[in-house]
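First the proteins, then the strands, lettered A, B, ... as listed; each starts at 1. Computed over heavy atoms, backbone and side chain alike; hydrogens, waters and symmetry mates excluded.
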Amino acid sequence: MPEILEVESYRMLAERVIGARISRGFSDQYAAKKLPSTSFWSRSVKGLTITGTDRRGKLMLLDTDGMRLGMRFGMTGVLLLDSDAGIDGLFYGPHTYRSSWIRAGIEFEDGRKLVLHDPRRLGRVEVEPDLSELGPDALRIKRKEFDQVLRINRGDGPALKARLLDQSVVAGVGNLLGDEMMFRAGIDPRRGTATLTLVERDDLFKAWTQTMKTLQRRGGSHTGDHMEGRFPGGLCPRDGGEMRSATIGGRTTYWCSVHQH
DNA sequence: ATGTAGACTTGGACCA
DNA sequence: GGCTTCCAAGTCTACA
């Protein structure tokens, strides 16, 4: 389930280990896929002290007195501290945990463990992650940066949905979040990015910031207004219009045929 | 530059 | 209950 709001909740959870010293790290070959070897993680983290946390889009960062560490949560990853979850009610399916689904983590000298729990193994640990390929953070985006997201040099540009999902343009918009913003703004996700009018840009920016605020209060990306109609044959919860769906930007996209133009 | 399809990975939903 | 098929919150690569 991790979209940016979930990752932010994991970052907040990780703040609790600031000041703790790592006694040991572990990772399986899948979680270590972005590293030179499976053992690279355990060798790198040993002895480091956590000095802070950060996040860029869906990449969570742990600052230390040595190398900077990163964690990605894929589609089903969750961060657990000992057995405490960051936020309740955000877990995949019926809240199932299995110790066999813990793919990587770090243990501290004080006995605590910070672990990546990930049934589908798409989560990753990173050492000195490269942030240069990531756009500005979607959670704290400023109007100026937002305008850059919509800025296209030539032609109509890619479909708006595809643009929003491009992590190098803006980091942190996931599939559900992108659909929710456009649903609220009343904009068709297939529209070329550069075809938005000034008014539509304003609407989208407003919808963007409000979506982040509202969903954070509700507790995640799965509680958006459009979710109710997000299935084949679904109806728009706002106006009863038929919801349409298509693959845009590589992901299944839902929008209302009535109020999204 | 932009789009698309497939891979990766495993479990849940749905159906017979 | 078990098997099949499809689908999924996110990247990542290959290719038109």
Determine the Euclidean distance between corresponding C1' atoms of C:dG10 and B:dA1; express it in Å to zero decimal places.
23 Å
Between A:Thr252 and C:dA8, does any side-chain N or O lie under 4.0 Å from OP1 or OP2?
yes
Using atom types as modelled and distance alone, determine if a side-chain donor or acceptor of A:Gln216 lies under 3.5 Å from a backbone N or O of A:Leu5.
no
Secondary-structure stems for DNA chain C, with pairs counted as Watson-Crick or G-U when both distances are under 3.5 Å and runs at least 3 long
B:2-8 with C:10-16, B:10-13 with C:5-8
Calculate the interatomic distance between A:Glu126 atom CD and C:dT11 atom C1'; express it in whole Å.
11 Å
Specify the separation, in whole Å, of atom CG of A:Asn175 and atom C1' of C:dA8.
10 Å
Taking only the P atom of each, what is the distance from C:dA14 to B:dT9 in whole angstrom?
16 Å
Using a 4.0 Å cut-off on heavy atoms, which residues in residues 155-169 of chain A reach DNA chain B? List them by number, or say none.
A:Gly157, A:Pro158, A:Ala159
Find the distance A:Asp179:CG to C:dA9:P and express it as a whole number of Å.
9 Å
Could you tell me the separation between the CD atom of A:Glu3 and the P atom of C:dA8, rounded to a whole number of Å?
13 Å
Is it true that atom CD of A:Glu109 has more than 12 heavy atoms of other residues, nucleotides or ligands lying nearer than 6.0 Å?
yes
Could you measure between the two C1' atoms, the one in B:dG3 and the one in C:dA9, and give it in whole Å?
22 Å
Does this structure show an ion pair linking A:Arg218 with A:Asp225, if we count only N-O contacts that are shorter than 4.0 Å?
yes
Side-chain ion pair, A:Asp147 and A:Arg151, N-O less than 4.0 Å
no
Decide, yes or no, whether a salt bridge links A:Asp156 with A:Arg191 under the criterion of side-chain N to carboxylate O below 4.0 Å.
no
Under 3.5 Å, side chain of A:Thr51 to main-chain N/O of A:Thr49, donor-acceptor pair present?
no
Nearest-angstrom distance from the residue atom CZ of A:Arg190 to P of B:dG3
14 Å
Using a strict threshold of under 4.0 Å (side-chain N to carboxylate O), is an ion pair present between A:Asp130 and A:Arg56?
no
Please check if A:Leu176 and A:Phe183 belong to a single hydrophobic cluster, counting links between Ile, Leu, Val, Met, Phe, Trp and Tyr side chain heavy atoms closer than 4.5 Å.
no
For the pair A:Phe205 and A:Phe146, name the ring-plane relationship: parallel under 30°, tilted 30 to 60°, perpendicular over 60°.
tilted
I need the CZ-P distance between A:Arg230 and C:dA9, as an integer number of Å.
6 Å
Do you know which of A:Arg11, A:Arg68, A:Arg55 makes salt bridge (charged side-chain N to carboxylate O under 4.0 Å, His left out) with A:Asp63?
A:Arg68
Can you measure A:Tyr254 atom OH to C:dA8 atom C1' for me and round it to whole angstrom units?
11 Å
Check this for me, if you would: do A:Arg140 and A:Glu8 make a salt bridge, where the nitrogen-to-carboxylate-oxygen distance has to be below 4.0 angstrom?
yes
Relative to the ring of A:His117, is the ring of A:Trp101 parallel (under 30°), tilted (30 to 60°) or perpendicular (over 60°)?
perpendicular
In whole angstrom, what separates A:Ile248's CD1 from B:dT4's P?
9 Å
Below 4.0 Å: OP1/OP2 of B:dG11 and any side-chain N or O of A:Trp101:
yes
Listed pairs, N/O of protein and of nucleotides 6-9 of chain B, under 3.5 Å:
none

